Amino acid sequence: MKNRSLLILCALSVLLSLASTTVVSAGEYHVGCIFSITGKASWLGEPERNTAEMIAKKINEAGGINGNKLVLHVEDDQGDNTQAVNAANKLIKKDKVCAIIGPSTSATSMAIIKIVDEAKIPLLSCAGAAVIVEPVAERKWVFKTPQKDSDCVKRIYDHMKSKGLKDIGIITTTTGFGGAGREQLKKIAAEYGINLVADETYDPTATDMTAQLMKIKNAGAQAVVNWSIEPAQSIVPQNMKQLKMTIPLYQSHGFGNLKYVEAAGEAAEGIIFPAGRLLAVDTVPADHPQKKVLADYRDEYEKNNKDKVSTFGGHAYDALNILANALKKVGDDPAKLRDEIEKTEFVGTAGVFKFSATDHCGLDKTAFEMLTVKNGKFVVLGQ
Amino acid sequence: MTSSSFSDILQFFFMGLQRGCIYALAAMGFNMIYNATGIINFAQGEFVVLGGLMMVTLTMAVKLPIPLAFLSTTVFVTLVGIAMERFTINPVKHPTVLRLIIITIAVSIIIKGLAMCFWGKNSHFMRHFSSTETLDFYGATILPQTLWIIGILLLIVAGYIYFFNYTMTGKCMRACAINRDAARLAGINDRKMVMLSFALSAGIGAIAGIIITPIIQMDYARGALLGIKGFGAAVLGGLGNSMGAIIAGVFIGILEALAAGYISSHYMDAIALIILMLVLFVRPSGIFGSSEAMRLKEF
């Protein structure tokens with residue numbers, strides 16, 4: 001009796017394993033996406049999801065990749081590390097995806113690196129922190145498409161140097177994004193002869209930063225750098241205006257959405273920040289290699305979605321297109337895909353990518369353009 | 001140096017006053033329902049959020065003038081408060097304190113979810129009531145909006161005093177709060193008073209949301225923290241004592257601002273919770289509450 005039930009159990013498990021392997025049918029490429037569609041980082045995840053679905057639809061309408069249908073498995077991590085880990089496990093074990101795009105935030109990306117590394121599945125993160133792809137020796141399977149936060153810091157410091165600003169105050173949020181930015185701001189400062197006279201932080205849910213800004217003001221800073229997520233990008237400038245601080249305010253590339261300018265109102269005028277060229281497409285010269293890609297993506301996104309284009313959706317655009325190109329060349333074997341992505345050169349929304357065995361981001365600081373806010377619009381800052 | 005440190009303290013004081021007024025209004029809302037029903041309404045924070053979000057929609061999308069939007073928003077949230085009482089509190093067959101409190105928690109989750117569906121997850125902003133040019137005051141700066149907040153709080157307090165001391169309905173509500181059975185024997189419709197208390201507390205919550213949103217913006221998830229701060233103020237002032245709640249709310253706000261300025265802005269939000277716990281451990285009747293009266297209450 002016992003033997004028979006054991007036998008049935010064996011038979012069942014064989015059947016089950018067969019069933020799970022047949023989920024991936026021929027003629028389909030399965031790609032996983034992990035975005036923070038809901039929760040505090042939804043301002044990143046939502047445009048990314050919209051973009052990814054828009055591109056997949058376009059590819060499939062044009063007959064797929066070499067005749068294979070591109071199937072996206074989109075998971076929502078709610079900006080939460082545990083959810084991101086669960087989503088990655090599900091995508092790899094149940095959906096048998098050949099690669100994963102996302103997650104949206106630096107913290108969630110760091111959380112799943114170990115999983116993709118063990119499963120040997122390529123990951124194209126849409127988050128900013130440089131540590132996601134560095135050191136490259138430990139990040140064999142991990143790539144990312146946004147510009148690096150370290151390059152963002154370099155551009156800010158370049159600009160400060162040109163204006164003769166030396167003593168600065170930094171104010172950062174305590175999320176993965178803000179924390180990583182703070183590390184880079186501190187690390188690179190000496191290289192540029194910048195002196196941090198104040199180093200303030202605030203909780204991501206904080207709604208009043210006047211206390212921190214007063215400390216910066218009293219420390220005699222000549223400029224402020226704010227590194228944050230919504231809604232602080234628009235509250236910090238308002239608080240500065242309230243305190244009558246007239247020193248220049250620099251923000252991270254996280255400021256890259258016109259919504260924040262609207263929210264900050266007049267206080268947003270004159271904010272300086274590095275960002276991809278997507279935000280100021282109209283002021284990019286016509287002969288720039290990215291011009292066409294940028295204009296096409298913006299028009300297509302704004303035609304299909306109600307909201308305005310943001311750089312964040314652009315990161316998903318770059319990631320999925322890089323992956324689609326690799327799929328076209330080598331098929332959906334994860335190891336071959338990884339090797340192919342590492343050789344990719346691609347003109348995207350974030351910049352002109354040149355991936356290599358030593359660079360899994362493929363962009364340098366020229367991918368950033370210094371922008372400023374003028375009459376409620378983003379414009380390229382004249383030197 | 002001394003003059004700059006004085007202006008610093010003044011600046012933190014203004015900052016605290018601004019947030020303290022909001023806690024005071026939230027605490028008043030808690031008290032009103034507590035007095036009528038003996039329960040804590042955990043959806044109080046959601047009333048503040050609803051007020052803020054509705055005001056944003058009416059002023060920024062519908063483009064109503066501010067006074068009209070102010071009025072419509074307050075009426076809308078008041079109706080939500082009435083609906084909450086009619087559909088979730090009133091029909092309960094055996095209303096025990098614990099049961100009703102759990103219902104209010106459920107309602108707060110529902111309102112939060114609906115707010116997320118209607119307004120999305122983003123933070124919403126609106127323009128200040130008047131100019132955003134700050135006013136100088138002995139080296140510190142104050143926003144005109146902060147003056148609006150203080151003024152409106154004072155108006156509400158005046159209205160509150162008038163209503164509960166000089167109108168028949170207000171007196172009936174107080175009678176119910178003191179002894180519900182006796183009030184019913186005297187011919188007061190106590191169920192109606194409960195509904196009225198929900199309406200008033202929702203209205204006050206809405207006003208709190210409306211006046212603070214220009215400064216701090218508003219999103220669907222803010223309710224819980226605002227609610228807890230208001231609850232802290234209500235407990236510190238002595239549950240049921242609205243004048244105590246106002247003083248306690250402003251006090252907590254100022255303490256928070258000073259803590260942010262002189263200790264660490266990071267632990268600012270913990271201040272209200274620490275005070276809440278200390279009060280519950282040391283003097284559960286609150287600073288302005290009477291321990292005699294506390295003993296007679298169910299909760």
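Just so you know, these numbers come straight off a predicted model, no measurement behind them. Numbered from 1 within each chain, the chains take letters A, B, ... in sequence-line order.
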| query | Side-chain contact, heavy-atom cut-off 4.5 Å: B:I216 with A:I235? | reply |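 No, their side chains stay 4.5 Å or more apart.
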| field | pair B:I215-A:Q238: side-chain heavy atoms closer than 4.5 Å | value |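 Not in contact.
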| message | Please give me the minimum heavy-atom distance between B:R222 and A:P231, naming the atom from each residue. | response |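 Minimum heavy-atom contact is NH2-CG, 3.9 Å.
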| query | Of the listed residues (A:E200, A:Q212, A:E266), which shares the most heavy-atom pairs with chain B below a 4.5 Å separation? | reply |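 Max contact count across the listed options: A:Q212.
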| field | Residue among A:L243, A:D203, A:D208 with most heavy-atom pairs under 4.5 Å to chain B | value |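 Among A:L243, A:D203, A:D208, the one with the most close pairs to chain B is A:D208.
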| query | Under 3.5 Å, is there a donor-acceptor pair between the A:K241 and B:T132 side chains? | reply |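 Side chains of A:K241 and B:T132: pair found under 3.5 Å.
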| said: Checking B:Q217 against A:S234: is there a side-chain donor and acceptor pair closer than 3.5 Å? | reply: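 Yes, because at least one side-chain N or O of A:S234 sits under 3.5 Å from a partner of the opposite role on B:Q217.
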Which bit of [X] is near chain B, if near means a heavy-atom gap under 4.5 Å: side chain, backbone, both or neither?
X      : result
A:T201 : both
A:K217 : neither
A:E46  : side chain
A:T174 : side chain
A:Q242 : both

If I take atom [atom1] from residue [X] and atom [atom2] from residue [Y], how far apart are they, to the nearest 0.5 angstrom?
X      : Y      : atom1 : atom2 : result
A:N218 : B:S7   : CG    : OG    : 7.5 Å
A:T210 : B:F12  : OG1   : CZ    : 7.5 Å
A:M214 : B:M15  : CE    : CE    : 9.0 Å
A:N239 : B:T141 : CG    : OG1   : 9.5 Å

Quick check: are there more than 12 heavy atoms from other residues, nucleotides or ligands sitting under 6.0 Å from [atom1] of [X]?
X      : atom1 : answer
B:F70  : CZ    : yes
B:F118 : CZ    : no
A:K377 : NZ    : no

